[in-house]
Amino acid sequence: QVQLVESGGGLVQAGDSLRLSCAASGLTFSGYAMGWFRQAPGKEREFVAAVNWSGGITSYTDSVKGRFTISRDNAKRTVYLQMNTLKAEDTAVYYCAAGRHGKNPSDYGHWGQGTQVTVSS
């Protein structure tokens, strides 16, 4: 049974940093690209960042470039999202996902339950 468990969310002020983690089990972690998506109330789930199986290729949505960094540790079966200079518009539930390296939710077949990130202005 595949499990993706996110952690690290919370309530912070604008300008602060957070690091999200996603621990994977039940799958050959190094065989999957990993992605982070987010969903704000009343909005569709949107792509945030993705990393290929080795960690050598990353991609980001424009609004987080230069502020967020995705990385992975295959030995620990964990993917991370370092979020710096957070803004109120980053407030959302953040989901990690395992699949192929892409920007569409349909590229990913396995999802976590999500972790809430709230940024107060």
Side-chain angles (χ1 to χ4, degrees):
Q1 179 181 357
V2 176
Q3 282 194 315
L4 301 176
V5 180
E6 301 97 336
S7 61
L11 172 63
V12 297
Q13 293 187 336
D16 286 351
S17 299
L18 278 176
R19 188 175 82 154
L20 305 184
S21 299
C22 173
S25 61
L27 77 170
T28 305
F29 183 71
S30 60
Y32 288 83
M34 298 297 296
W36 285 98
F37 288 75
R38 65 187 180 187
Q39 189 166 17
K43 295 188 176 181
E44 293 186 352
R45 191 168 298 190
E46 66 168 351
F47 170 77
V48 176
V51 60
N52 76 325
W53 69 273
S54 69
I57 301 173
T58 58
S59 55
Y60 300 90
T61 192
D62 285 346
S63 64
V64 308
K65 285 180 180 177
R67 300 189 298 122
F68 291 11
T69 302
I70 188 171
S71 62
R72 66 189 294 161
D73 185 333
N74 285 347
K76 295 183 178 180
R77 304 168 64 84
T78 301
V79 62
Y80 305 97
L81 185 67
Q82 177 67 44
M83 305 186 295
N84 298 330
T85 318
L86 283 161
K87 304 176 181 179
E89 52 263 44
D90 295 318
T91 295
V93 177
Y94 283 70
Y95 299 89
C96 75
R100 60 185 182 188
H101 195 178
K103 298 183 178 182
N104 294 313
S106 60
D107 291 321
Y108 299 85
H110 304 289
W111 292 84
Q113 292 300 305
T115 186
Q116 177 71 46
V117 172
T118 303
V119 184
S120 63
S121 56

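The figures here come from the full heavy-atom set of this structure, side chains too, leaving out hydrogens, waters and symmetry mates.
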Item checked: Under-4.0 Å salt bridge between K87 and D90 ->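 So K87 does not pair with D90 through a salt bridge.
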Measuring from atom [atom1] of [X] to atom [atom2] of [Y], what distance do you get when rounded to the nearest 0.5 angstrom?
X: M34; Y: S71; atom1: CE; atom2: OG; answer: 11.5 Å
X: R38; Y: L81; atom1: CZ; atom2: CG; answer: 9.0 Å
X: L86; Y: S121; atom1: CG; atom2: OG; answer: 12.5 Å
X: T91; Y: L11; atom1: OG1; atom2: CG; answer: 8.5 Å
X: E44; Y: Q39; atom1: CD; atom2: CD; answer: 8.5 Å
X: M83; Y: T85; atom1: CE; atom2: OG1; answer: 11.5 Å

If you look at every heavy atom in [X] and [Y], which pair is closest and at what distance?
X: Y108; Y: G102; answer: OH-O, 2.7 Å
X: W111; Y: P105; answer: CZ2-O, 3.5 Å
X: A33; Y: R72; answer: CA-NH1, 3.9 Å

Item checked: Criterion side chain to side chain contact (heavy atoms under 4.5 Å, CB included) against V79, the qualifying member of V51, L20, L4 -> V51
Margin query: Other residues, nucleotides and ligands only: do more than 12 of their heavy atoms fall within 6.0 Å of CD on Q113?
Written below: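 Count not over threshold, so no.
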Check: Are the side chain of T115 and the backbone N or O of G9 linked by a donor-acceptor pair below 3.5 Å?
Finding: yes
Notebook entry, point to check: Among pairs that include at least one residue of residues 47-102, which meet ring pair (Phe, Tyr, Trp, His ring centres under 6.0 Å), considering only residues two or more places apart or in two chains?
Noted result: F37-F47
Notebook entry, point to check: Can you get from L18 to V64 by hopping between Ile, Leu, Val, Met, Phe, Trp and Tyr side chains that sit under 4.5 Å apart?
Noted result: yes
Item checked: ILVMFWY network linking I70 to V93, side-chain heavy atoms under 4.5 angstrom ->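 Per the 4.5 Å side-chain linkage, I70 and V93 are not co-clustered.
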